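Note that this is a predicted model, so its numbers are computed, not measured. Below, each value reflects all heavy atoms present in this structure, side chains not excepted, and no hydrogens, waters or symmetry copies.
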Amino acid sequence: MQNLLKNLNEEQLAAVTLPAQSALILAGAGSGKTKVLTTRIAWLIQSGQVSTSGILAVTFTNKASKEMLNRLSNMLQISTNSIWVGTFHGLCNRFLRFHYQDAGLPKSFQILDSQDQISVIRRLLKKFNIDSEKYPPKELMYFFNKAKDRGLRANEIEIIDDVQKQYINIYSLYEEQCNKEGNVDFAELLLRSYDLLHMNEPLRNHYQNRFKYILIDEFQDTNDLQYKWLKLLSGNDGNVFAVGDDDQSIYAFRGANVDNMSLFKKDFRVKNLIKLEKNYRSFGHILDTANYLISHNNRRLGKNLHTDLGHGELIRIFEAESDLIEAKWLIEEISYLVSLGWSKKDIAFLYRSNAQSRIIEYALFSASIPYKVYGGLRFFERAEIKYAIAYIALINNLNNDSAFMKIVNFPSRGIGMKSLEYLQKTATNSNNSLYSSIPFLEGKPRFILESFKSLIENISKASNEMSLPNLIDYVLAKSKLIDYYKSQKDGLDRVENLKQLSSASSIFLSEEGFNQDSNANEKSLEINDAINLNNDSNISDLISPLDAFLSYASLEAGDAQSDTYQDAIQLMTVHSAKGLEFDAVFITGLEEGLFPHENSEKIEDGIEEERRLMYVAITRARKRLYLSFAQSRMLHGQKRFGIKSRFFNELPQASLNWLNQKYHFEKDEDNNISDLTRGFAGELLPTKNKIGSFSWQIGQSVFHKKFGEGVIVNIEGNSIYGRANINFGSNGMKLLDLSIAKLEKI
DNA sequence: GACGTTGTCCTTTTT
DNA sequence: GGACAACGTC
């Protein structure tokens, strides 16, 4: 026990050993937040205050919950299996699998990811002849999700105008459709769980009694519904240990509400507020940069990080001519670091949006440097995998129209639009699922659909006799998915992915403790059984391997494939870097419109959130931080010119080191950049050359007295006297007369 | 009526 | 660059 607590500082120790009351821990980046959380859990268990089943620990990402479980099993000698640790979504899924009957769900309910959600909405619009131009599926999805995040059903939303009324109508149609199919979207997992706890008193009492200690990480990222869920579950004399950092709130776009932190203080009568401001991660210049940047935000609880580590190195900034050169510079720089003995897995390339990874990947690949991309198009989000999963989802629940539609004619088997419209109509008239309506058809459509039906029946029968991995191989063969991709000229990668699916399932089963040989799970549970059982039972005792695997496919999307130990450069978005740390961090693509993202300007407090995102990015670095931006970048298949991010103006200049003058590029006769060469650290060149009139070029960076820094995006007419479209970033796009406007070259 | 091809649209971040 | 819809062809 003493061992457990000996490495904590005063504040950390105080937090870990707080009495059983609600508490709010304001924990800055790198202040030992995860350490405090896990040590508290271990301490509670080891000191005998609670058994493992009395703890509920909530995180926001799968990565974080895995990390927590890892650390716990290192600290504790006992099994951590019965501790409920997971994401909100994962925990709610588990809860609903136990109590599906009470929640009004079929045993094998399927979880929809956002792609699936969109296609449900599309089908719905078609079915009811609703104009998808006027009611874009994506907008509808945002609307539904936002409502659910606030805990609202269709009939609980206030009607403001006619358009909104129609949104609400479609919302209830959507709910109806999902219920009929037995499908549940991400937000629904939470709302269902909440409703069930809310309505069902015995169940609520049971869980309130069971979870003596609730701990939650990244509290600033909770949305309204999650807050209500915590409140309900913790009961009246709630005991919630919340850890968070308002400066790292970066999920407002999915409903997170920072105000929950101050609300929590009041609602949960928090007596214990502890601030962890000592940073153990980063050197001084890095922290100064982060502190100075975030001080530009208005809505803050207030907190300043400090360190004992000393100033360390200056922040290195690089301006590239293009995204390609930025990528080349990245390679050059990390090769240098590696040659100095830095390890690749401690170096991260961060970017604002996933699309930016491509060019960096290409450069790394060409240089034969091992790298690992997190996020992006995940394994289970790939088209071919989604098809395979849809076959399995359909045999698991024949009412799943979404899965049905996805695969009924894929690979194509001669079932066209007309036949499906006919089927749809028949199904709608009899209020049956598509699959079960097949026998009521007539003529040729009936004939071809019956053959599809027997395919599904065949697979279904096989599923009772085979293990999951074998079943998957069977599906791939019988459905002809593999054959289809083999016949495609660029289908080889997809064939490989499909082949990986069965081994992925077998790894999953063994990790989750399932019996590999059988797919059977004949235990059908009454509510009381479930209550009695789940105190110390594994999820594998209650859920069929198939259901579990399908949930896993939706909830985890196969993010981190297990080669974490390989020494490779880490590539990820800033969002997915939250909670991680690296010796060297490169924040790339720091251009107006990209970071901060242009969409954020239209959103209330959007720029503040982007700034917090930047804050998160900066505080990932331990020893060395690089910032880079490019004058031009390929975007949507087009070359776009940008100017450097406004965030550069919000950094402490004394901590910055502008690298540009220390590098030069070698160009061949065709003006292609052949290689990037490390140059000498020369004198700083003057940055602004005042020149009278000369020929302007697209892509030229300019300075204007009123509008600030900009980039020439287009020139009309003569390049000396014509007019130019100039992108002034936050000051907008201006059309200026080149002979009149006093522009300076930068 | 089904299938392959072309054209058009969008493109932030995650469970 | 990718997903989907509309188009023309078999």
- Message: Checking contacts here: which listed nucleotide (dA5(C), dG1(B), dT13(B)) is nearest the side-chain heavy atoms of K418(A)?
- Response: dG1(B)
- Side chain of F186(A): nearest nucleotide among dT12(B), dT15(B), dC3(B)? dT15(B)
- Parallel, tilted or perpendicular for Y485(A) and F410(A), by the 30°/60° rule? tilted
- Under a 4.0 Å N-O cut-off, is there an ion pair linking K644(A) with E591(A)? no
- Query: For the pair made of CD1 in I415(A) and C1' in dC3(B), what is the distance, rounded to whole Å?
  - Reply: 14 Å
- Task: Pick base, sugar-phosphate or nothing for F88(A), based on heavy-atom distances below 4.0 Å to the nucleic acid.
- Result: nothing
- Item | Whole-Å distance separating the CZ atom of R382(A) from the C1' atom of dG2(C) | 13 Å
- Message: What is the separation between atom CZ on R413(A) and atom P on dG4(B), rounded to the nearest whole Å?
- Response: 14 Å
- Distance, rounded to the nearest Å, where L420(A) contributes CG and dA2(B) contributes C1': 11 Å
- Task: Report the distance from atom CD1 of I250(A) to atom C1' of dT12(B), rounded to the nearest whole Å.
- Result: 12 Å
- Write down the distance between CD (Q220(A)) and P (dT14(B)), rounded to a whole number of angstrom. 16 Å
- Candidates dT15(B), dA5(C), dT14(B) - which lies nearest the side chain of T87(A): dT15(B)
- Item | Partners meeting side chain to side chain donor-acceptor pair (under 3.5 Å) with D323(A) (sequence neighbours left out) | none
- Note on the structure: Judged by nearest nucleotide, the residue sitting upstream toward the 5' end of DNA chain B, A187(A) or S412(A), is S412(A)
- Item | Position toward the 5' end of DNA chain B (nearest nucleotide), K444(A) or L613(A) | K444(A)
- Message: Can you see whether Y251(A) has R254(A) sitting over its ring - NZ or CZ less than 6.0 Å from the centre and within 45° of the normal?
- Response: yes
- Message: At less than 3.5 Å, do the side-chain atoms of R352(A) and the base atoms of dT13(B) form a donor-acceptor pair?
- Response: yes
- Give the nucleotide from the list dG1(C), dT11(B), dT13(B) with an atom nearest to the side chain of N354(A). dT13(B)
- Closest to the H597(A) side chain: dA2(B), dT12(B), dT15(B)? dT12(B)
- Note on the structure: Closest to the side chain of I603(A), out of dT12(B), dT14(B), dG4(B), is dT12(B)
- N599(A) side-chain N/O to dT11(B) phosphate OP1/OP2 under 4.0 Å: no
- Task: Report the C-alpha distance between R646(A) and E601(A) in whole Å, list the side-chain angles of each, state the deciding distance to 0.1 Å, and finish with yes or no for salt bridge (Lys or Arg N to Asp or Glu O under 4.0 Å).
- Result: CA-CA 13 Å; R646(A) 72 188 70 184; E601(A) 299 220 43; 3.1 Å; yes
- Task: Would you indicate, yes or no, if dT15(B) has its OP1 or OP2 atom less than 4.0 angstrom from a side-chain nitrogen or oxygen of S554(A)?
- Result: no
- Query: Are the ring of F253(A) and the six-membered base ring of dT13(B) within the stacking cut-offs of under 5.5 Å and under 30°?
  - Reply: yes
- Query: Counting side-chain heavy atoms from C-beta on, which of dT15(B), dG1(C), dT12(B) comes nearest to R358(A)?
  - Reply: dG1(C)
- Message: By the 4.0 Å heavy-atom rule, please label S419(A) as base, sugar-phosphate, or nothing.
- Response: sugar-phosphate
- F508(A): partners by side chain to side chain contact (heavy atoms under 4.5 Å, CB included), with sequence neighbours left out: E512(A), F514(A), A548(A), F549(A), Y552(A)
